[in-house]
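Note sheet for the following structure.
This structure is a prediction, so every number in the text was calculated from the model and none was measured. Residue numbers start from 1 in every chain, and the chains themselves are labelled A, B, ... in the order their sequence lines are given, proteins ahead of strands.
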Amino acid sequence: IETLVYPAKWDESKRREYRDSRRLAYVSEQPVWWCEQLGTVLANEEVVDGKSEVGGFPVVRKPMRQWMLRITAYAERLLTDLETIDWSDSLKEMQRNWIGRSEGASVIFHTVSERLPIEVFTTRPDTLFGATYMVLAPEHPFVSQITTPEQSLLVRDYKIGVAKKSDLERTELAKEKTGVFTGAYAINPVNNQNIPIWIADYVLASYGTGAIMSVPAHDERDYWFAYKFGLPKPQVVLPNTTQIEVAREFLSEMNRVRPNLIVHDWTLDKDSVICGASCVSKAFDDSGMAINSSNSEISLDGLPTAEAKEKITAWLEAKGLGKRTVNFKLRDLLFSRQRYWGEPFPIVWKKGPDGQSYHEALPESALPVLPPELTDYKPTATGEPPLARAKDWVNLPDGSTRETNTMPQWAGSCWYYLRYLDAKNSTTFVSKEAEQYWMGKVGRAVPSAPRPAETAGPTPGVDLYVGGTEHAVLHLLYARFWHKVLFDLRYVSTTEPFFKLVNQGMVLGEDNQKMSKSRGNVIPVDVPVQEVGTDALRLFEMFMGPLEMVKPWSTKGVEGVYRFLGRVWRLFVDEKSETEFEQAETTAGTGSRACESAEVRGLTSAATKLLDLIKLNPAIKDLAATPAQLKTLHACIKKVTEDLDGLRFNTAISALMVFVNDAITWETKPVSVLRDFLILLQPFAPHLAEELWEKLPTVHSPQSTGKTSAGKSTMDSGLSAGDSLPYQPWPKFDPALLVESEMEIPVQVNGKLRDVIKVPANADNATLEAAARASEKVQQFIAGKTIKKVIVVPKKLVNLIAG
RNA sequence: GCGCGCGUGGCGGAAUGGCAGACGCGCCAGACUUAGGAUCUGGUCCCGCAAGGGUUGGAGGUUCAAGUCCUCUCGCGCGCACCA
């Protein structure tokens, strides 16, 4: 987001090239992940273990011209702003990992014969004196240039072998290092030594510069490579005494456990001969003190690692041989797909006077670009996008052609939450007013620290976002990126889209395994919906356990909450009328369970009439509630209210069950109490709650906390109606009603529970202690002993320390 | 290997450092029933006739008091993984 200034001599194509090198959306020809079965390319994040994340199909690297989004330009902010949002540690960690920031230095080595500059990235510039060879990724562009004729055959074969291997194979075979010598040498800039240049597949073309300097004494991978090919391993970092201690322990422990194993210890001679079939080594890759690291201009000897890094980097910078560098694992986001279903790019291609084609954005007046109608919208085998089939659509009258790739699904999911704020706006994606109102921070320019839970007031961004971890490095990363771009363009007022994120746990199959077709343990959601209805399904999913936890499905468990809903139903309706209803229903042939919701059964008007046969439980009376009933109700209000706030649905439902278990025994059931109960039940079992609400009569009793007349459901119409259930004010619990006149206090002797005593609720500490001492059971345990100490926790417990 | 998280009955799970096992499932007994895979009532951590004792993966520690806090250890799950 900057104004570009071009040198005057640049022609238009040069300028375009420069623009593309800076743009957030740019075209790039490079190897990308191509999935044959899906008929499209995929982003790095969509490839898991060498297979497509969707469907698990094989993917291959293939060079193609694709649209990219420069998410790497936001890497630093995507990382640091994680501090400002309230997400789980594990999720933040996943994003940190994916972004993969590491600080170090880039160092330039020149090849001996061609004087080609090979740039490497290292996090340990302090070990530069220990670099005894270099390794290029087999795909590195210099490989063919530097390879000597004698080595060219070997190098060619190795490259072919690597290219044939899938990425999966490449990592699976990772234990044994392989590689070949190119025949070329480079100069180590600190000691002018000629060091051999190898190629090996343990160096990745996609990370850093695709080339490394190898320091075998202080890097595990380099160590084993050097070990295998007999390269020297000079030590340039000295461990401290504690580290040596730890290593000695490791050494003796390994010798004890596996006496036949040759253990290679970095405190011993690096080049000692290792024999035996297997061995263990620990290259010393910790911080320590630099040794053997000096030349005529600079000495690192004696410096701790951190200082040595500083000194050598400064020296390299001064000599123009390297510089301080921050490297990221994060790659730019591949943002085009060869599919029909996706947003077309608002882009056309034109031919310049130089004959080169270039892209141009369509003006706003040409938006939106709608996809053409196609009879065959399937992907092609060649990777040509299906939209290319619509010749009339592709070719424009002025001779330009439309971009035929489409955007991936992320194009929608990256900003839908903003569109939801103002979905009917036809001039802009979200109005300033709607955005500022809903996202909550007018004119906000800097992110705030995560708020403590007790702080009131609006939060920046979406207050609560619930989703699975499967989006950790996909949607949740992309959306943050888009949001930051929109923030920089002043379209949104917060730097982060989702303030608080909760990962709901996956529901496993009944066998405690991840549901999958191959395991045959999938419970399609419509099965429980058919059997017990949406209310029971919804209720059970919330009742199974904490929201965040992974938990297995249980058919028996669903029956349990279904029974609970049955008990709720029987709390409200006259069982005799229910029998009449069932008979009438059987006659009418609508055949279904009485307590299923109207929506699930798809009630006809005849069936609705049938439902009118259901009469209220005669025990329901418009009477004042007793203190005991009010206590039961208010305990439930308190628990459900607090648990909903904390997303503890399982314990909230448990509280509802406790209420029903009690209320079902009441001889008279005050309408006012039941109305409040239905308000509490409504978020959990909305259909049942609304049906029962409609049956409840008007309330006149003084305890009424609801309104005074029954109303019709508005769930479907979305209209506000005076007494409909969804619009009822949430009941407030009255602490005064929960106060007991008596309470039970556990009494411990020496920390062990000995009795539970009943005392008046307002008993002071002295009374509590006296009552505790007076207890017969307690007497048994303190007889003949002296009480050394008494701990009285008001309203909680008494602990007598006797000895 | 690195990072994150989790270990409590037969099962899913409750428990601001203060009565471990709420609530539900399952199981046992009983009631009503021609019947029960419906419903209701009671019981259900382990040892013990009882008094009592033991018990939150294991070992230590802090504390009057630990499932909860600390250290180590074992086990499980998830994520990343040749990232220089």
- Task: Would you classify A:V658 as touching base, sugar-phosphate or nothing, given that sugar-phosphate means primed atoms plus P, OP1 and OP2, and contacts are heavy atoms under 4.0 Å?
- Result: sugar-phosphate
- Query: Between B:rC4 atom C1' and A:N503 atom CG, what is the distance in whole Å?
  - Reply: 12 Å
- Message: For A:Y133 together with A:F225, are the ring centres under 6.0 Å from each other?
- Response: yes
- Note on the structure: Answer for the Watson-Crick or wobble partner of B:rA29, both distances under 3.5 Å, is B:rU41
- Note on the structure: Regarding the side chain of A:I801, the nearest nucleotide among B:rG24, B:rC64, B:rC82 is B:rC64
- What's the CG-C1' distance between A:L753 and B:rG53, to the nearest Å? 14 Å
- Message: Taking NZ in A:K228 as the centre, count heavy atoms belonging to other residues, nucleotides or ligands within less than 6.0 Å. Is the count above 12?
- Response: yes
- If the C1' atom of B:rU33 is compared with that of B:rC47, how far apart are they to the nearest Å? 40 Å
- Between B:rC27 and B:rC82, how far is it from one P atom to the other, in whole Å? 50 Å
- Looking only at side-chain atoms of A:S102, point me to the closest of B:rG24, B:rA84, B:rA14. B:rA84
- Closer to the 5' end of RNA chain B via nearest nucleotide, is it A:I653 or A:T209? A:I653
- Message: B:rA84, OP1 or OP2 - any side-chain N/O from A:Y202 closer than 4.0 Å?
- Response: no
- Item | Complementary nucleotide of B:rC69, counting Watson-Crick and G-U pairs under 3.5 Å | B:rG61
- Item | Pairing partner of B:rA35 (Watson-Crick or G-U wobble, both distances under 3.5 Å) | none
- Message: Expressed as a whole number of angstroms, how long is the span from A:D89:CG to B:rG77:P?
- Response: 22 Å
- Query: Out of B:rC19, B:rG24, B:rC23, which has the shortest distance to the side chain of A:R567?
  - Reply: B:rG24
- Quick one: label A:T123 by what it contacts on the DNA or RNA (base, sugar-phosphate, nothing), any heavy atom closer than 4.0 Å. sugar-phosphate
- For the pair made of CG in A:D574 and P in B:rU39, what is the distance, rounded to whole Å? 19 Å
- Query: When syn is taken as a glycosidic angle within 90 degrees of 0, is B:rG67 syn or anti?
  - Reply: anti
- Item | Nearest-Å distance once atom P is located in both B:rA14 and B:rA84 | 40 Å
- Message: Measuring only the P atom in each nucleotide, how far is B:rA20 from B:rG30? A whole number of Å is fine.
- Response: 33 Å
- Value in whole Å for how far the C1' atom of B:rG3 lies from NZ of A:K329: 10 Å
- Query: So which nucleotide from B:rG18, B:rU39, B:rG5 ends up closest to the side chain of A:R570?
  - Reply: B:rU39
- Separation of B:rC40 P from A:L571 CG (nearest whole Å): 12 Å
- Message: In whole Å, I'd like the distance from the CZ atom of A:F564 to the C1' atom of B:rG24.
- Response: 11 Å
- For B:rC76 and B:rC70, measure between their C1' atoms and round to the nearest Å. 23 Å
- Item | Proximity to the side chain of A:K796 - top-ranked nucleotide from B:rG18, B:rG26, B:rG3 | B:rG18
- Side-chain N or O of A:N661 less than 4.0 angstrom from OP1 or OP2 on B:rG24? yes
- Looking only at atom types and distance, does a side-chain atom of A:N617 sit under 3.5 Å from a main-chain N or O of A:L571, one as donor and one as acceptor? yes
- Message: Is there, by distance only and without an angle test, a donor paired with an acceptor across the side chain of A:N799 and the base of B:rC64 below 3.5 Å?
- Response: yes
- Task: Would you mind reading off the distance between A:I782 atom CD1 and B:rC64 atom C1', rounded to a whole angstrom?
- Result: 15 Å
- Please test A:Y478 against A:L333 for side chain to side chain contact (heavy atoms under 4.5 Å, CB included), starting from the C-alpha separation and ending with a verdict. CA-CA 9 Å; A:Y478 302 156; A:L333 171 55; 3.4 Å; yes
- Message: Once you apply a heavy-atom cut-off of 4.0 Å, does A:R101 come out as touching a base, just sugar-phosphate, or nothing?
- Response: nothing
- Item | Of A:Q780 and A:M657, the one whose closest RNA chain B nucleotide lies more 5' | A:M657
- Ranking B:rC4, B:rC64, B:rC23 by distance to the side chain of A:F543, first place goes to B:rC23
- In terms of side-chain heavy atoms of A:N97, which of B:rG26, B:rC19, B:rG79 is nearest? B:rG79
- Task: Please check the phosphate of B:rG54 (OP1 and OP2 only) for any side-chain N or O of A:K752 closer than 4.0 Å.
- Result: yes
- Does A:E541 come within less than 4.0 Å of A:R538, counting only side-chain N to carboxylate O? no
- Message: Categorize A:N650 for me: base, sugar-phosphate, or nothing, with a 4.0 angstrom heavy-atom threshold over every strand shown.
- Response: sugar-phosphate
- For A:G560, answer base if it contacts any base atom (sugar-phosphate contacts may also be present), sugar-phosphate if it contacts only those atoms, and nothing otherwise; contact means non-hydrogen atoms under 4.0 Å. sugar-phosphate
- Message: Is it the case that B:rC4 (base atoms only) and A:K92 (side chain only) share a donor and an acceptor within less than 3.5 Å, ignoring hydrogens and angles?
- Response: no
- With C1' as the reference atom in both, quote the distance from B:rA51 to B:rG57 in angstrom, rounded to an integer. 32 Å
- Query: With respect to the phosphate group of B:rG26, does any side-chain polar atom (N or O) of A:R563 fall under 4.0 Å of OP1 or OP2?
  - Reply: yes
- Item | Nearest atoms (heavy-atom pairs only) where A:P138 meets A:V143 | O-CG2, 3.9 Å
- Item | Out of B:rG18, B:rA15, B:rG12, whichever nucleotide has its closest atom nearest the side chain of A:L797 | B:rG18
- Query: Of the candidate nucleotides B:rC4, B:rA84, B:rC19, which contains the atom at the shortest distance from the side chain of A:S90?
  - Reply: B:rC4
- Message: Apply side chain to side chain contact (heavy atoms under 4.5 Å, CB included) to residues A:V107 and A:L316 and explain how you reach the verdict.
- Response: CA-CA 8 Å; A:V107 184; A:L316 287 167; 3.8 Å; yes
- Query: With rounding to whole Å, what would you report as the distance between B:rG77 and B:rU8 at their P atoms?
  - Reply: 14 Å
- Given B:rG13, B:rC64, B:rC25, which nucleotide is nearest the side-chain atoms of A:K551? B:rG13
- Give a yes or no on whether the backbone of A:G130 and the side-chain of A:T127 come within a donor-acceptor separation of less than 3.5 Å. no
- Task: Taking atom P in both B:rA66 and B:rG18, compute the distance separating them and give it to the nearest angstrom.
- Result: 11 Å
- Report yes if the distance between the aromatic ring centroids of A:W666 and A:F659 is under 6.0 Å, otherwise no. yes
